[in-house]
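Please read the structure below before turning to the comments.
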There are 2 protein chains.
Amino acid sequence: MSAPAKVAATPDRRAVRREATKAEIVAAAWGLVREHGLAGLAMRDLGERVGMRAQSIYSYFASKHEIYDAMFHEGYVAFMAGTADDEDPAGGSADEARATGRRLVHRFFSFCTSDPVRYQLLFQRTIPDFAPSDASYAVALDAYEAMQRHLASFGVTDPHAADLWTAVMTGLTDQQISNDPGGDRWERVIDRAVDMLLHETAPHLFEGSTR
Amino acid sequence: MSAPAKVAATPDRRAVRREATKAEIVAAAWGLVREHGLAGLAMRDLGERVGMRAQSIYSYFASKHEIYDAMFHEGYVAFMAGTADDEDPAGGSADEARATGRRLVHRFFSFCTSDPVRYQLLFQRTIPDFAPSDASYAVALDAYEAMQRHLASFGVTDPHAADLWTAVMTGLTDQQISNDPGGDRWERVIDRAVDMLLHETAPHLFEGSTR
DNA sequence: GTCTATATTTGGATAGAC
DNA sequence: GTCTATCCAAATATAGAC
């Protein structure tokens, strides 16, 4: 068996390797920010964690902000994966809307509370001078639109109504993270919040029924 | 005219002066964090702003955290003043509860959005390693209890219901600050949110009436 | 691609003179 | 009570050897 001929179209192994190392650095960065807080990320620590000197990281990322940006991007990709609905689309009944709505909010809540630092990076503006790159921001916009479609799938199409939903979702999450970290005090009130939101923003679902 | 006799009970002018300077330092710190972010507070800048060297500040505050603590304390005092209700207590009607509820949420919202950095200090955990002193934390607890009483004044006494209210209040605020700073996108939805909350958490007010 | 060496900045905090 | 003079630590980033 002869060795395969070298083909011009062969993917550049060096580039593959390089991407793998970048991913490794970003993964280590996630570990560090979970331990020391989002603002506590230090290039020294990061280098140590990944087995090289801090200065060598600059071969992969031009600055610390570029690492934050990669994390931001990765976070929104995970967000879309973690909150997408894999069940059959809801029909038009109140019960089905309720089930879909609860699933959405519980998933959002779990995604956020399971990693408060990620929540902070994605949804709060807390790193001084950090702004996502255009490419990363585009992913954030995608996620926002996916959420709109998700709400629309069970009858919430009015923009103001959608704002009300996002406010309640982030409020529950925020209170949980700030005032009962690791607990479930606000998780317990999710189902009630969803019912409340549905009655307010999709009242046609409940016509003729008693509250 | 002879000089007044020195009286032992005279308030110590030096102490008064000292408190005034401390207040001046804290005020300057508020100005700086509004410009550079909460974590961007630097003793050098603070000294410059107040007209002394950074090191001299240590005559007034033992550490930077002590300054944050004074700000935290001051913030909660302002919070209680800014959200307290000076109107006559609501009666038991739905309209009165609605008016009182709207007043509460609008005040909370205004207080928070008018100074996002203060909101960050008081309600989010974002300064690494900062924890309020016992004295300051006591004020925060007072504020929390005042809020409970405020909700109870128009019929919201169930603890879970109170959690729902605080979640919605902070959610509206949070979305406004994060996604439409300076705008009014979520402010516009406050009244609707209050009606929704009242129907859910004080349904007895609406008995016999149509939604 | 990773290293050593180093520049540069920034920022918190202390000691001691006046 | 404020200053000068420092110290110390941490952290980002660059230059150039290997």
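First the proteins, then the strands, lettered A, B, ... as listed; each starts at 1.
Candidate nucleotides D:dA5, D:dT14, C:dG12 were compared by shortest atom distance to the side chain of B:Gln55, and D:dA5 ranks first. Listed candidates were C:dG12, D:dT12, C:dA5. Nearest to the side chain of B:Met43 is C:dG12. Comparing D:dT4, C:dG12, C:dC3 by their closest approach to the side chain of A:Met52 singles out C:dC3. In this structure, the nucleotide among C:dT4, C:dA13, C:dG1 sitting nearest to the side chain of A:Tyr60 is C:dG1. Set against C:dG11, D:dT14, C:dG1, the side chain of A:Tyr58 has D:dT14 as its closest nucleotide. Between D:dT4, D:dA10, C:dG12, one nucleotide has an atom nearer to the side chain of B:Arg53 than all others, and that is D:dT4. Comparing D:dT2, D:dG1, C:dT2 against the side chain of B:Arg18 picks out D:dG1 as the nearest.
Residue A:Ser56 has a polar side-chain atom (N or O) positioned under 4.0 Å from OP1 or OP2 of C:dC3.
Atom CZ in B:Arg44 sits roughly 13 Å away from atom C1' in D:dA10 (whole-Å rounding). One can place CD1 of B:Ile57 at 14 Å from P of C:dT14, the figure rounded to the nearest angstrom. What separates NZ of A:Lys64 from C1' of D:dA11 is a distance of 8 Å, to the nearest Å. For the pair A:Phe61 CZ and D:dA13 C1', the computed distance is 16 Å after rounding to whole Å. Rounded to whole Å, atom C1' of C:dG12 lies 17 Å from atom CD of B:Glu48. The nearest whole Å value for the distance from the CG atom in A:Leu46 to the C1' atom in D:dA13 is 14 Å. Look at NE2 on B:His36: it is 16 Å from C1' on C:dT9, rounded to the nearest Å. With rounding to whole Å, A:Phe130 atom CZ is found 17 Å from D:dT12 atom C1'.
Remark: B:Asp86 engages B:Arg107 in a salt bridge, criterion side-chain N to carboxylate O under 4.0 Å. Using a 4.0 Å cut-off between charged nitrogen and carboxylate oxygen, B:Asp12 and B:Arg17 do not count as a salt-bridge pair.
Ring centroids of A:Tyr76 and A:Phe72 are separated by less than 6.0 Å, placing the two rings close together.
No cation-pi contact links A:Arg118 to A:Phe79, judged by a cut-off of 6.0 Å to the six-membered ring centre and 45° from its axis.
A:Leu41 comes within contact range of the sugar-phosphate backbone alone, with a heavy-atom separation under 4.0 Å but no base atom that close. Heavy atoms of B:Thr21 sit nowhere under 4.0 angstrom from any nucleic acid atom.
Ring geometry for A:Tyr119 versus A:Phe123: interplanar angle of 30 to 60°, hence tilted.
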